[in-house]
Undergrad: 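Structure provided below as structure tokens; questions to follow.
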Amino acid sequence: MIIITYPPAEFRGTVRPPGDKSISHRAVIIAALARGRSKIKGFLDSQDCQATVNCLKALGVNITREGELLVVEGREMGLDPPKRRLNAGNSGTTARLLLGVLAGQPFPTVLTGDRFLRRRPMERVVEPLRQMGAIIEGKGTGSVLPVTIKGAILKPLQYRLPVASAQVKSALLLAGLYPTEGITIVEEPRPSRDHSEIMLQQFGVRVETAGGRIAIAGGQVPEATSLQVPGDISSAAFIMVAASIIPGAEVTLTGVGVNPTRRGIIDLLIEMGAAIEIKNLRNWGGEPVADILVRGGRPLRGITVGGDIIPKVIDELPVLTVAAAMAEGKTEIRDASELRVKESDRIAAL
């Protein structure tokens with residue numbers, strides 16, 4: 001197939017990005033474990049998020065649509081045994097977070113995914129869950145899907161992540177709700193996205209964060225709430241890059257999540273010379289949200305990217321290379337080996 005594109009005569013307007021995928025996953029999972037009826041506005045209706053919804057429905061959670069709201073009837077931490085395998089599709093977030101949820105349920109579950117997800121590493125979350133007492137079996141010592149998670153009584157854990165990973169951190173925090181007493185502590189080598197910590201607090205769960213340590217006490221049950229999901233900065237990134245490289249462009253993106261652990265794409269584009277303004281900064285349930293104005297026409301320059309900013313921009317690095325291709329000079333990206341084990345080898349693809 002050959003696709004030919006042409007520069008637009010005009011690139012101006014206002015866009016509301018779809019709901020944030022990472023936050024949508026976490027919102028519906030924690031709502032399913034909560035006590036009471038939760039309402040989620042702006043939930044992203046994507047294949048990945050739908051995989052999470054379908055798995056939760058198979059576990060006995062009642063999830064319905066009421067207009068623009070996703071309504072979740074919480075199960076107070078107690079789910080039903082599924083009648084068949086849970087299929088996470090192509091969603092690594094679904095698989096890894098559900099491993100943390102299922103580790104503390106009193107029944108066996110088989111968790112699988114599509115052929116691409118079945119190649120992605122799961123050992124990074126399976127190993128610390130086993131240290132908590134989880135029984136997880138599968139091919140290659142459970143390092144890849146499918147795996148069988150057998151019900152177990154979990155114990156608190158203090159664990160230092162070898163690599164910054166929001167998904168592994170989130171799975172351990174969710175599992176940390178199950179022990180009847182004690183505190184689970186996760187230590188990060190670098191800050192990763194903190195949506196789970198914020199979302200748990202929004203559901204009334206006590207989570208303490210300080211100096212790269214996140215602590216959660218066992219025996220807590222989330223309380224149902226109503227919340228709004230911010231616009232997805234990963235989706236907004238494509239329009240931000242386009243507006244940055246098209247002369248005369250002027251685009252406003254409204255209601256975008258600008259969490260400090262996710263806004264790396266904004267900071268890097270500004271460092272490259274893009275004209276970006278953050279306007280109308282506000283707070284939605286602990287998540288910072290803003291409108292982003294991008295004007296095109298400024299020349300971009302190459303930069304070096306690496307270190308602590310990588311976890312804040314890991315999903316946006318591919319589109320950042322488009323800006324780099326249009327910039328003056330060389331752009332160098334380091335410390336991004338995580339891109340090798342996404343849905344595809346994104347470095348090879350680029």
Side-chain angles (χ1 to χ4, degrees), residues 15-34 38-46 48-49 52-53 68-72 74 93-94 97 164-167 169-171 173-174 186 188 190-210 212 214-216 220 222-237 239-240 252-268 276-293 308-309 311-316:
V15 180
R16 176 68 179 271
D20 186 284
K21 183 168 74 168
S22 295
I23 296 175
S24 293
H25 281 297
R26 288 156 172 80
V28 72
I29 289 173
I30 298 172
L33 298 175
S38 296
K39 297 180 179 180
I40 305 169
K41 185 178 181 180
F43 182 86
L44 179 63
D45 192 17
S46 67
D48 280 6
C49 292
T52 295
V53 168
E68 60 182 6
L69 298 177
L70 190 76
V71 180
V72 184
T93 303
T94 302
L97 268 60
S165 170
Q167 293 179 356
K169 174 179 64 175
S170 299
L173 292 177
L174 291 169
V186 181
E188 296 187 285
R190 291 175 177 166
S192 65
R193 57 186 68 175
D194 60 357
H195 300 309
S196 291
E197 297 94 303
I198 292 172
M199 186 62 64
L200 284 164
Q201 290 171 335
Q202 193 167 354
F203 278 85
V205 176
R206 298 184 307 280
V207 181
E208 296 181 6
T209 60
I214 305 96
I216 186 168
Q220 300 186 74
E223 297 291 342
T225 189
S226 295
L227 59 94
Q228 182 164 359
V229 177
D232 188 24
I233 195 168
S234 296
S235 298
I239 296 174
M240 284 192 285
T252 299
L253 298 114
T254 62
V256 182
V258 290
N259 185 303
T261 65
R262 291 285 301 282
R263 58 166 285 162
I265 183 66
I266 298 174
D267 298 332
L268 292 176
I276 298 178
E277 293 181 39
I278 306 297
K279 308 174 74 173
N280 192 22
L281 186 64
R282 61 261 198 208
N283 187 292
W284 289 358
E287 289 283 356
V289 175
D291 302 331
I292 304 172
L293 172 62
D308 288 347
I309 201 168
K312 302 176 184 180
V313 73
I314 191 71
D315 288 330
E316 294 77 49

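Start at 1 with the first residue, then count along the sequence.
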Undergrad: Count the heavy atoms belonging to other residues, nucleotides or ligands that lie under 6.0 Å from CZ of Arg282, then report whether that count exceeds 12.
TA: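 More than 12 within 6.0 Å, yes.
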Undergrad: Search all heavy atoms of Ala237 against all heavy atoms of Ile265 and return the closest pair with its distance.
TA: CB-CG1, 4.0 Å
Undergrad: Indicate the atoms forming the closest heavy-atom contact of Ile198 with Gly285, along with that distance.
TA: CG2-O, 3.6 Å
Undergrad: Nearest 0.5 angstrom please: Leu253 CG to Ile239 CD1, how far?
TA: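 Going from CG on Leu253 over to CD1 on Ile239, the span is 5.5 Å.
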Undergrad: Does the Glu287 side chain pair with the main chain of Pro230, one donor and one acceptor, at a distance under 3.5 Å?
TA: no
Undergrad: Working to the nearest 0.5 angstrom, can you tell me the gap between Asp194 CG and Lys169 NZ?
TA: 6.0 Å
Undergrad: Nearest 0.5 Å please: distance from the CD1 atom of Ile314 over to the CD1 atom of Ile309.
TA: 11.5 Å
Undergrad: Are Asp20 and Arg262 ion-paired here, with the side-chain N under 4.0 Å from a carboxylate O?
TA: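 Between Arg262 and Asp20 there is a salt bridge, with a charged N closer than 4.0 Å to a carboxylate O.
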Undergrad: So, are Asp308 and Arg190 salt-bridged, with charged N and O less than 4.0 Å apart?
TA: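 So Asp308 pairs with Arg190 through a salt bridge.
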Undergrad: Check the pair Ile292 / Lys279 against side-chain contact (heavy atoms from CB on, under 4.5 Å), numbers first and verdict last.
TA: CA-CA 6 Å; Ile292 304 172; Lys279 308 174 74 173; over 6 Å; no
Undergrad: Could you tell me if the side chain of Leu97 sits less than 4.5 Å from the side chain of Leu174, heavy atoms only?
TA: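 Side-chain contact under 4.5 Å: yes.
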Undergrad: Kindly indicate whether the side chain of Leu281, heavy atoms from C-beta on, has any atom under 4.5 Å from the side chain of Val258.
TA: yes
Undergrad: Taking Glu197 for the side chain and Val207 for the main chain, is one N or O donor matched with an acceptor at less than 3.5 Å?
TA: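 No; judged by distance alone, with no hydrogens or angles, the pair does not exist.
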Undergrad: Mind running side-chain contact (heavy atoms from CB on, under 4.5 Å) on Ser234 and Lys21 for me, showing each step along the way?
TA: CA-CA 9 Å; Ser234 296; Lys21 183 168 74 168; over 6 Å; no
Undergrad: Have a look at Ser24 and tell me which of Asp48, Asp45, Thr52, Leu44 forms a side-chain contact (heavy atoms from CB on, under 4.5 Å) with it.
TA: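 Looking at Asp48, Asp45, Thr52, Leu44, the match for Ser24 under the side-chain contact (heavy atoms from CB on, under 4.5 Å) is Leu44.
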Undergrad: Tell me, with the steps shown, if Leu70 and Lys39 meet side-chain contact (heavy atoms from CB on, under 4.5 Å).
TA: CA-CA 6 Å; Leu70 190 76; Lys39 297 180 179 180; over 6 Å; no
Undergrad: Could you report the tightest heavy-atom contact between Ser170 and Arg26, atom names first, then the distance?
TA: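 Between these two residues, the closest heavy atoms are OG-NH2, 3.2 Å.
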Undergrad: Should Leu227 and Trp284 be marked as a side-chain contact (heavy atoms from CB on, under 4.5 Å) after you check the CA-CA gap, both sets of side-chain angles, and the distance that decides it?
TA: CA-CA 8 Å; Leu227 59 94; Trp284 289 358; over 6 Å; no
Undergrad: Closest approach of Gly42 and Val229, non-hydrogen atoms and distance?
TA: O-CB, 3.6 Å
Undergrad: Going by heavy atoms in the side chains, are Phe43 and Leu69 under 4.5 Å from each other?
TA: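 Phe43 does not reach Leu69 side chain to side chain.
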Undergrad: Any non-hydrogen side-chain atom of Leu200 less than 4.5 Å from a side-chain atom of Ile216?
TA: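 Yes. Closest side-chain heavy atoms under 4.5 Å.
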Undergrad: Please determine if Asp315 and Arg193 form a salt bridge, counting it only when a charged side-chain N lies under 4.0 Å from a carboxylate O.
TA: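 Here Asp315 pairs with Arg193 in a salt bridge, since their nearest N and O are under 4.0 Å apart.
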Undergrad: Look at the side chain of Ser38 and the backbone N and O of Thr225, then say whether any donor-acceptor pair between them is shorter than 3.5 Å.
TA: yes
Undergrad: With a 4.5 Å heavy-atom cut-off, do Phe203 and Leu33 have their side chains touching?
TA: no
Undergrad: What is the minimum heavy-atom distance between Ile278 and Ala290, and which atoms define it?
TA: CG2-CB, 3.6 Å
Undergrad: Are any non-hydrogen side-chain atoms of Leu173 and Ile214 less than 4.5 angstrom apart?
TA: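 Side-chain contact under 4.5 Å: yes.
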Undergrad: State the CD1-NZ distance between Ile266 and Lys312, to the nearest 0.5 angstrom.
TA: 12.0 Å
Undergrad: Rounded at 0.5 Å granularity, tell me how far OG in Ser235 sits from CZ in Arg16.
TA: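 Atom-to-atom, Ser235:OG and Arg16:CZ are 12.5 Å apart.
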Undergrad: Going from OG1 on Thr209 to CD on Glu188, what distance comes out if it is rounded to the nearest 0.5 angstrom?
TA: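 If I round to the nearest 0.5 Å, the distance is 10.0 Å.
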Undergrad: Tell me, do Arg263 and Ile233 make a side-chain contact under 4.5 Å, heavy atoms counted?
TA: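 The answer is yes, as the side chains (C-beta and beyond) meet within the 4.5 Å cut-off.
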